[in-house]
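Worksheet: the structure to be examined is printed underneath.
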Amino acid sequence: MAEKKQPVAVVLVEENYETLEFHYPRLRLEEEGYKVVSVSPKAKEQYKSHWGNYIGQSDATFSEVNPQDVKILIVPGGFCCDRLRRYKECSQFVNSVYKNGAVIGYICHGAWVPISAKIVSGHKVTSHPAIQDDLTNAGATWVDEPCVVDGKIVTAQLPKDLPAFMKNILRIAGEQK
């Protein structure tokens, strides 16, 4: 009997990531049996969090992960997103993962990455209120709710919304198995 392949989940990381929005999803996904890969512009790089002295280490670059293998993609908030969206490879990777049917989750300022990847138009979403205009200008319908699900896109506003955010991501991913 062939061994069942472990599903892959990607959590993006860069300098100034929001501590809880990176580590909480990563740990929840590991608990649920996913192979979690932290992806950034440089592999094996250590990145400092926005708050405190926490480190997020990348496992791979965008080109080292096959978008077809990814079942869940998480974009944490913090100002890492302003850095990540500047990398063409990041936008292409996120767009490809989306087109391949993965569950896409982004929280807080994480919306900047999917905006640059051009995957938000036509979707009902939420984010930190400070970037609602960015989402609206990109063609999304922004709503002031803690967590929003629109198809395979799950969005949330703040770290306090992480439990609902991850519960919905895992529920939708479970429906795909």
Side-chain angles (χ1 to χ4, degrees), residues 9-26 29 38-42 45 47-52 54 56 58 61-63 65 67 70 72-169 172-173:
V10 166
V11 182
L12 300 183
V13 67
E14 234 284 13
E15 200 72 17
N16 288 318
Y17 68 89
E18 206 299 325
T19 309
L20 286 173
E21 294 169 4
F22 171 75
H23 290 291
Y24 182 90
R26 185 178 58 77
L29 291 162
S38 298
V39 176
S40 71
K42 296 179 183 176
E45 187 79 12
Y47 296 99
K48 292 181 189 171
S49 66
H50 184 67
W51 301 107
Y54 295 96
S58 63
T61 65
F62 306 110
S63 64
V65 178
V70 179
I72 297 174
L73 175 97
I74 305 287
V75 185
F79 294 107
C80 71
C81 307
D82 190 37
R83 292 173 180 263
L84 286 166
R85 69 181 176 165
R86 299 175 196 190
Y87 298 104
K88 182 180 175 183
E89 301 84 6
C90 179
S91 293
Q92 291 171 335
F93 178 76
V94 171
N95 186 285
S96 293
V97 169
Y98 170 75
K99 286 181 177 174
N100 280 297
V103 177
I104 308 289
Y106 52 94
I107 184 167
C108 197
H109 286 75
W112 279 333
V113 173
I115 288 169
S116 293
K118 300 187 182 346
I119 66 168
V120 301
S121 184
H123 290 284
K124 179 180 171 184
V125 299
T126 196
S127 67
H128 189 286
I131 63 167
Q132 65 182 297
D133 289 346
D134 301 60
L135 283 158
T136 301
N137 291 337
T141 300
W142 188 88
V143 294
D144 187 10
E145 296 177 15
C147 184
V148 174
V149 176
D150 185 356
K152 291 185 180 178
I153 293 183
V154 180
T155 56
Q157 291 185 330
L158 301 167
K160 69 180 180 65
D161 305 318
L162 280 163
F165 178 68
M166 287 309 300
K167 182 178 181 180
N168 281 300
I169 287 169
I172 294 165

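Treat the numbers as computed from the prediction; the structure is a model and nothing was measured.
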Side chain to side chain, [X] and [Y], heavy atoms closer than 4.5 Å:
X	Y	answer
I107	Y24	no
W112	V75	no
Y98	L73	no
N95	I119	yes
V154	C147	yes

Backbone of [Y] reached by a side-chain donor or acceptor of [X] within 3.5 Å:
X	Y	answer
H123	V125	no
T19	S49	no
E14	L84	no

Would you name the heavy atoms of [X] and [Y] that are closest together and state the gap between them?
X	Y	value
G110	C81	CA-SG, 3.3 Å
C108	G77	CB-CA, 4.1 Å
G78	E21	N-OE1, 4.1 Å
I72	V70	O-CG1, 3.2 Å
R83	N16	NH2-ND2, 4.1 Å
V120	P114	CG1-CB, 3.7 Å

Hey, could you give me the [atom1]/[atom2] distance between [X] and [Y], rounded to the nearest 0.5 Å?
X	Y	atom1	atom2	answer
I131	Q157	CD1	CD	10.5 Å
I74	R26	CD1	CZ	12.5 Å
T155	W142	OG1	CH2	10.0 Å
T61	E89	OG1	CD	8.5 Å
F79	E18	CZ	CD	10.5 Å
H109	S127	NE2	OG	8.0 Å

Hey, can you tell me if F93 and F62 have their rings parallel, tilted or perpendicular (30° and 60° cut-offs)?
tilted
Side-chain polar contacts of residues 160-169 - donor-acceptor pairs under 3.5 angstrom, sequence neighbours left out - could you list them?
residue: D161; atom: OD2; partner: L158; partner atom: N; Å: 2.9
residue: N168; atom: OD1; partner: R171; partner atom: NH2; Å: 3.2
residue: N168; atom: ND2; partner: A164; partner atom: O; Å: 2.9

Checking ring-ring contact (aromatic ring centres under 6.0 Å, His included) against H23, which of Y47, Y17, W51 comes through?
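Only match with H23 under ring-ring contact (aromatic ring centres under 6.0 Å, His included): Y17.
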Side-chain donor-acceptor pair present, S58, E45, cut-off under 3.5 Å
no
V148 and V143: CA distance, side-chain angles, deciding distance, side-chain contact (heavy atoms from CB on, under 4.5 Å) verdict
CA-CA 8 Å; V148 174; V143 294; 3.5 Å; yes
